[in-house]
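As a basis for the values below, the full set of heavy atoms in this structure was taken, side chains included, without hydrogen atoms, waters or symmetry mates.
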Amino acid sequence: MKKFALFLFVLILGTGSAFAQFETRSTFPVSGAPYSAVVGDFNGDGVPDLAVLAFLGGQVAVALGNGDGTFSKPTYYNALASSLAAGDFRNDGILDLALTDNLSNNLQVMLGNGNGTFGPSSYYSTPDFPNLIAVGDFNNDGKLDVLTVDQSGYCPCMSVLLGNGDGTFQAPIITQPPGPAAAIGLGDFNGDGNLDVVTAGQFGSSNDIGILYGNGDGTFTDGPIYQASTSPQSVAVADFNGDHILDLAVANAIGGSVEILLGNGDGTFRYGPVYAAYFPVDIQAVDLNGDGKLDLAYESGVYSTVANVLTGNGDGTFRRGGSYQIGFESVLFSADLNGDGQPDFILLNYLGNQVVIWLNTGAVSFSPMTPLTFGAQVIGSNTPQTVTLTNNGRKKLSIQSITLSGPFSKTSTCGSSVAPHASCTLTVTFSPTTTGVKSGLISIVDSASSKPQAIELIGAGTVVAITPTQLTFPAQKVGTKSVPQAVTVTNTASTTLNIQKISIEGLDSLDFAEGNTCGSTLGAGTSCRIWVAFDPTKTGTRTATLGITDSGGGSPQQVSLSGTGD
């Protein structure tokens, strides 16, 4: 079961290129635990509307959009269901709703009236309790059909109910999927013009990603089965490497990973990269940074407390992107709710019985992403870093003010405005005068949002000077020890420095050895040395960190260690 939560406005935090800033634009109540949602224009005004499944209330709530990310008070219809989908089942340009009734063997269909209201429900039998649903044309007759996954006991089945084009459906065509499915996806994987299906789920110790090839008549032929890394819970279907062939992104919840399978164009797939993730669910493909390359967003955590992003490189690989703090027990959907071409977020608050709209005000992005981290820096020294501000919007960005707090200074090339798709820079200098962790904030008031853009600043003042801060060793034969390299530790203070610990940490810590002349104290204005040798136990790149724990502020001081075992 999906999880849900209370939500607050937050900024995206993470590493890499920034995506956008989101703000809470509207909140409206949905009684009965909102569980799932679908976006569509239900009244034909060109503005996205919402249908929200109120799971515990046995209802579906329809809220009409105002075009600015706000919605009208919802209208309720009886619908005891676990999932829903929208489609034009009568080919009349009016969206209808299809819902799976998870307490009976039924598909429930509600035909739209074209004004945002819906008529009475019709019911169609399925072989077992349906809990997943998808809409598509499975027999290529130009009429939408409905696919359900029906599994509660005796029959882990997949049913296709062919549409008659008048809002009614035929008896289900039953297919046996590879196993119980936690998620399904649709696409033409082998290029024959027929819709195929991917199922993902766990059966005992088997973690299966199964392919079913559509025959063009509502039936399917078994395709290959791929083993997921752990327990697959959701799947996204899209072209991640720009070859016009559909690929798969699978979120493996238990064990924690996001797995990429790249399509070959003939209905088979090859294993791509795997990315560690903490309990990922509900994965979706969406271009969050507007670069034309699909990114991946997924909820992360046992209680879905964070939405994380993998930024697409356009070649089937991804890099770590931002994180969105969405609170305890949550469900997240993306859609453009105000017609500005940028994806917004819909958050379903299960426990609080409400829907929260996060509107993407993403005209402004920053690189590198905040927080801007300076690390430990000797008192009296100055270290600058530069942040690039980019206006990704279609209009000129007006800047009302740029203010700064903390032991930092700044210079800016931004002025009072930034042209569309243009950039400017802010150079920030950290100048600590006392020891300890220091924080600051740049606040930018501009026309992109009703909330200020924020750049977090983090550093630490210290009296301990470390030279160098990185040691790189040349290739060394496994089982032999390199010539040591030296790190100098200097106490720049007028008082004695206490040294509590010097150690090598990290997964490859056994590949490095250290000795030192420092002792437990270091006098004012004096230095000591730490010698590090590389003694690889395995071939390949080996990395670790030399840490010095002391009383000088900014502790532990750190030196990066790397070498190659030969």
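- Asp295 and Gly312 make their closest contact through OD1-N, 2.8 Å (heavy atoms, listed as atom of the first residue, atom of the second, distance).
- By the side-chain contact (heavy atoms from CB on, under 4.5 Å) test, Ser83 pairs with Thr100, Ile133, sequence neighbours left out.
- Here salt bridge (charged side-chain N to carboxylate O under 4.0 Å, His left out) pairs that include residues 73-94, with residues two or more places apart or in two chains, are Arg90-Asp92, Arg90-Asp96.
- Not counting sequence neighbours, the partners of Thr219 by the side chain to side chain donor-acceptor pair (under 3.5 Å) test are Asn215, Asp217.
- When the side-chain contact (heavy atoms from CB on, under 4.5 Å) test is applied to Asp137, the partners found at least two apart in sequence or on another chain are Asn139, Asp141, Asp145.
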Derivation and outcome, side chain to side chain contact (heavy atoms under 4.5 Å, CB included), residues Asn43 and Asp41: CA-CA 6 Å; Asn43 61 351; Asp41 182 5; 3.1 Å; yes
Intermediate values then yes/no, side chain to side chain contact (heavy atoms under 4.5 Å, CB included), Ile260 and Tyr275: CA-CA 9 Å; Ile260 308 300; Tyr275 302 92; 4.0 Å; yes
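- Panel note: side chain Thr126, backbone Asp128; a donor-acceptor pair is recorded below 3.5 Å.
- With hydrogens and angles left out, the side-chain atoms of Glu259 and Asn252 include a donor and acceptor closer than 3.5 Å.
- In this structure, the separation between CG on Asp196 and CZ on Phe189 is 6.0 Å, given to the nearest 0.5 Å.
- Within the model, atoms CG of Asp446 and NZ of Lys396 stand 13.0 Å from one another, a figure rounded to the nearest 0.5 Å.
- Residues in residues 233-262 take part in these ring-ring contact (aromatic ring centres under 6.0 Å, His included) pairs, two or more places apart or across chains: Phe240-Phe318.
- Separation of atoms OG1 (Thr317) and CG (Asn241) is listed at 9.5 Å; rounding is to 0.5 Å.
- Remark: the backbone N or O of Asp336 is not paired with any side-chain donor or acceptor of Asp344 at under 3.5 angstrom.
- Pairs passing the salt bridge (charged side-chain N to carboxylate O under 4.0 Å, His left out) check and including a residue from residues 234-254, sequence neighbours excluded, do not occur.
- Scanning for ring-ring contact (aromatic ring centres under 6.0 Å, His included) contacts around Tyr124 gives Phe169, with sequence neighbours left out.
- The line from CG of Asp287 to NZ of Lys293 is 10.0 Å long, rounded to the nearest 0.5 Å.
- With sequence neighbours excluded, the residues that form a ring-ring contact (aromatic ring centres under 6.0 Å, His included) with Phe71 are Phe28.
- Listed by chain and residue number, Val39, Leu337, Ile346 satisfy the side-chain contact (heavy atoms from CB on, under 4.5 Å) test with Ala335 (two or more places apart in sequence, or in another chain).
- Checked against side-chain contact (heavy atoms from CB on, under 4.5 Å), Thr388 has the following partners two or more places apart in sequence or in another chain: Thr390, Ser423, Thr425.
- Residues that satisfy the ring-ring contact (aromatic ring centres under 6.0 Å, His included) test with Phe118, not counting sequence neighbours, are Phe42, Tyr77.
- Residues Pro127 and Ser159 form a side-chain contact, since some pair of their non-hydrogen atoms from C-beta on lies under 4.5 Å apart.
- For the residue pair Gln108 / Ser121, a side-chain donor-acceptor distance below 3.5 Å is found, with atom types taken as modelled.
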Phe345 vs Val356, side chain to side chain contact (heavy atoms under 4.5 Å, CB included): CA-CA, chis, key distance, verdict: CA-CA 8 Å; Phe345 278 129; Val356 179; over 6 Å; no
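- In this structure, the separation between OG on Ser36 and CG on Leu84 is 5.0 Å, given to the nearest 0.5 Å.
- Here the closest heavy-atom approach between residue Leu288 and residue Pro343 is recorded as CD2-CG, 3.7 Å.
- Heavy-atom minimum distance, Ser82 versus Pro130: OG-O, 3.6 Å.
- The ring-ring contact (aromatic ring centres under 6.0 Å, His included) check on Phe138 picks up nothing, with sequence neighbours excluded.
- The distance from atom CG of Leu248 to atom CD1 of Ile211, rounded to the nearest 0.5 Å, is 5.5 Å.
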Stepwise side chain to side chain contact (heavy atoms under 4.5 Å, CB included) check, Val286 with Ser334: CA-CA 8 Å; Val286 58; Ser334 65; 4.1 Å; yes
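- Nearest heavy atom pair, residue Leu186 against residue Ala134, reads CD1-CB, 3.7 Å.
- A donor atom on one side chain and an acceptor atom on the other are not found under 3.5 Å apart for Asn353 and Ser31.
- No donor-acceptor pair under 3.5 Å is formed between the side chain of Tyr298 and the backbone N or O of Gln284.
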